[in-house]
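Accompanying notes for the structure given below.
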Amino acid sequence: MEEEKPWALISEVGGPHGYLEELADIVKQHFQIVCYKDFLQNPVLYGSKIQALLNWKYCPAAKPWLLKLLPCLKVVASGGVGIDHLDVPFINSLGAKVANTPGVVSDATADLAMGLLLASARNILEGHQIATDPKTVHIPQNLMGVEVTRATLGIIGMGEIGYKIAQRSKGFEMKVMYHKRTRRSTKDEQAVGASYCENLDDLLRCSDFVMIAVNLTSETSGLIGHRELSLMKPTATLINISRGLIVNQDALLEALQSGTIRAAALDVTHPEPLPRDHPLLELPNVLITPHIGISTITTARGMVKKMVENALAGVKGLPVPNEVHPH
């Protein structure tokens, strides 16, 4: 039976870029796996066997030189929604399909987005540090945050993740505005109480919290820069759960230092992690998490299952459920 399973190239089992054992087991049920390190030691042996590349946490990176060592490759199955790390036209030119895992990541990412918003607004991290500091004798009375309930939330991007964020914000009675290239249906808007903002500048001016939930493309790279930050309220918070390159980090640093905006909460930066001497890491009004939007065991399990489903379809020549096509 083992010999009949198709071959897949993966990053590793365990390690910083690898699969947890239970996730690797899901892949092993359907594929004979080759870890990247082992492949590099003997590309001639494995190269012609591999039909699927499973891209988990961007690894193994689908570089042209690697792909050219895989003459029988039929599919690159990536975990997550973003595909900015994949050259889809080039991969397609080699006769292979590309797939991602939308849907399954949306709840966990939206949960973290609201977690970042709340933690930043209410100084939760700073409060924890004061509460656990061995030098603390008195609780300071000036640890004042900003109100979340009935505040205005501006969502840039209203795909599935943005929409899930809007759903969650209803529980806080937030006023929701959103900016998107194509407007959602009236039914969708009414379900979450969201109003469409055709002009991004208007959203930036009105929002107490600006939430970035767009894919990284050539159009969205550097979307938030000096000008956009200058339009925001000095009491506003910027939250980014999409990709680091969507925000000009130098402009963000300046805006945070000068008081142009109140705070930022980031699950993504560029690069990841930031250099240890990066000035953003020193600012008290920045909260940074290490790209953990999808990091729950339930979501990870669902992602790997969907990656396997896409990869098997590609290997068998069947329609790939979540195939990504070039723009």
Side-chain angles (χ1 to χ4, degrees), residues 109-124 144-184 188-216 219-220 222-244 246-249 251-268 283 285-289 293:
T109 307
D111 287 349
L112 186 81
M114 292 307 292
L116 286 171
L117 187 156
L118 289 163
S120 179
R122 298 305 305 275
N123 298 320
I124 288 175
M144 293 292 173
V146 295
E147 198 82 9
V148 173
T149 299
R150 289 180 287 278
T152 298
L153 172 63
I155 302 174
I156 304 174
M158 193 64 137
E160 188 160 0
I161 292 170
Y163 196 73
K164 295 269 187 183
I165 293 167
Q167 285 178 331
R168 283 151 177 74
S169 70
K170 269 192 84 176
F172 293 92
E173 302 174 50
M174 298 183 89
K175 178 186 175 186
V176 180
M177 308 170 69
Y178 77 97
H179 173 75
K180 188 177 187 286
R181 216 169 22 183
T182 51
R183 185 172 181 171
R184 292 194 76 120
D188 282 352
E189 289 178 356
Q190 289 175 346
V192 293
S195 58
Y196 180 61
C197 212
E198 189 172 353
N199 190 318
L200 176 59
D201 289 3
D202 293 339
L203 179 146
L204 294 169
R205 288 189 187 99
C206 297
S207 299
D208 299 305
F209 299 92
V210 174
M211 180 78 71
I212 303 171
V214 295
N215 289 326
L216 177 61
E219 288 82 33
T220 61
L223 181 68
I224 303 298
H226 289 281
R227 190 188 73 83
E228 290 74 23
L229 290 162
S230 72
L231 296 175
M232 291 172 63
K233 298 178 182 181
T235 53
T237 300
L238 182 74
I239 303 138
N240 188 5
I241 47 95
S242 50
R243 288 290 188 269
I246 290 165
V247 177
N248 177 327
Q249 283 180 173
L252 178 61
L253 178 68
E254 192 177 301
L256 290 163
Q257 287 172 328
S258 65
T260 301
I261 64 172
R262 172 188 172 269
L266 315 170
D267 187 44
V268 288
L283 295 185
N285 53 344
V286 180
L287 173 60
I288 303 178
T289 51

Completion exercise
side chain to side chain donor-acceptor pair (under 3.5 Å) pairs touching residues 256-268, sequence neighbours excluded, are T237-R262, S258-T260, D267-T289
Exercise for the section: Could you list the residues that satisfy side chain to side chain contact (heavy atoms under 4.5 Å, CB included) with S242, not counting sequence neighbours? Expected result: I212, N240, I246
Exercise for the section: Could you tell me whether the side chain of T220 reaches within less than 4.5 Å of the side chain of R181, counting heavy atoms only? Expected result: no
Exercise for the section: Please list, chain by chain and in numerical order, all residues satisfying side chain to side chain contact (heavy atoms under 4.5 Å, CB included) with C206, sequence neighbours excluded. Expected result: M177
Exercise for the section: Considering non-hydrogen atoms only, spot the tightest contact between D202 and C197 and give its length. Expected result: CB-SG, 3.7 Å
Exercise for the section: Report the residues that fulfil ring-ring contact (aromatic ring centres under 6.0 Å, His included) with Y196, sequence neighbours left out, ordered by chain and then residue number. Expected result: Y178
Fill in the blank from the handout: Across all chains, not counting sequence neighbours, the side chain to side chain contact (heavy atoms under 4.5 Å, CB included) partners of D111 are R168
Practice task
For N215, check side-chain hydrogen bond (donor to acceptor under 3.5 Å, both in side chains) against everything at least two apart and list the hits.
Solution key: none
Completion exercise
So OG of S120 and CG of L287: to nearest 0.5 Å the spacing works out to 6.0 Å
Exercise for the section: Any pair with a residue in residues 223-239 that passes salt bridge (charged side-chain N to carboxylate O under 4.0 Å, His left out), sequence neighbours left out, goes on the list, sorted by first then second residue, please. Expected result: D201-R227, D208-K233
Practice task
Would you indicate whether the side-chain heavy atoms of L256 and L238 approach each other to under 4.5 Å?
Solution key: no
Exercise for the section: Report the distance from atom CE of M211 to atom CG of L203, rounding to the nearest 0.5 Å. Expected result: 11.5 Å
Practice task
Taking all heavy atoms of A236 and all of S207, pick out the closest pair and write down the distance.
Solution key: CB-O, 3.6 Å
Problem - Check: V176 and V192 side chains under 4.5 Å, non-hydrogen atoms - result: no
Problem - Distance (rounded to the nearest 0.5 Å) between Q190 CD and S195 OG - result: 12.0 Å
Pair up each side-chain donor or acceptor in residues 144-167 with any protein partner under 3.5 Å, not counting sequence neighbours, and list the distances.
{"residue": "R150", "atom": "NH1", "partner": "E173", "partner atom": "OE1", "Å": "3.1"}
{"residue": "Y163", "atom": "OH", "partner": "D188", "partner atom": "O", "Å": "2.8"}
{"residue": "K164", "atom": "NZ", "partner": "D107", "partner atom": "OD1", "Å": "3.2"}

Fill in the blank from the handout: Sorted by chain and number, sequence neighbours left out, side-chain hydrogen bond (donor to acceptor under 3.5 Å, both in side chains) with T182 holds for K180
Exercise for the section: Please tell me if the side chains of I261 and L252 come closer than 4.5 Å, counting only heavy atoms from C-beta onward. Expected result: yes
Problem - Residues which pass ring-ring contact (aromatic ring centres under 6.0 Å, His included) with F209, listed by chain and number, not counting sequence neighbours - result: none
Completion exercise
Sequence neighbours excluded, the answer for side-chain hydrogen bond (donor to acceptor under 3.5 Å, both in side chains) partners of R183 is E189
Practice task
Applying side chain to side chain contact (heavy atoms under 4.5 Å, CB included), name anything that partners E254, two or more places apart in sequence or on another chain.
Solution key: H226
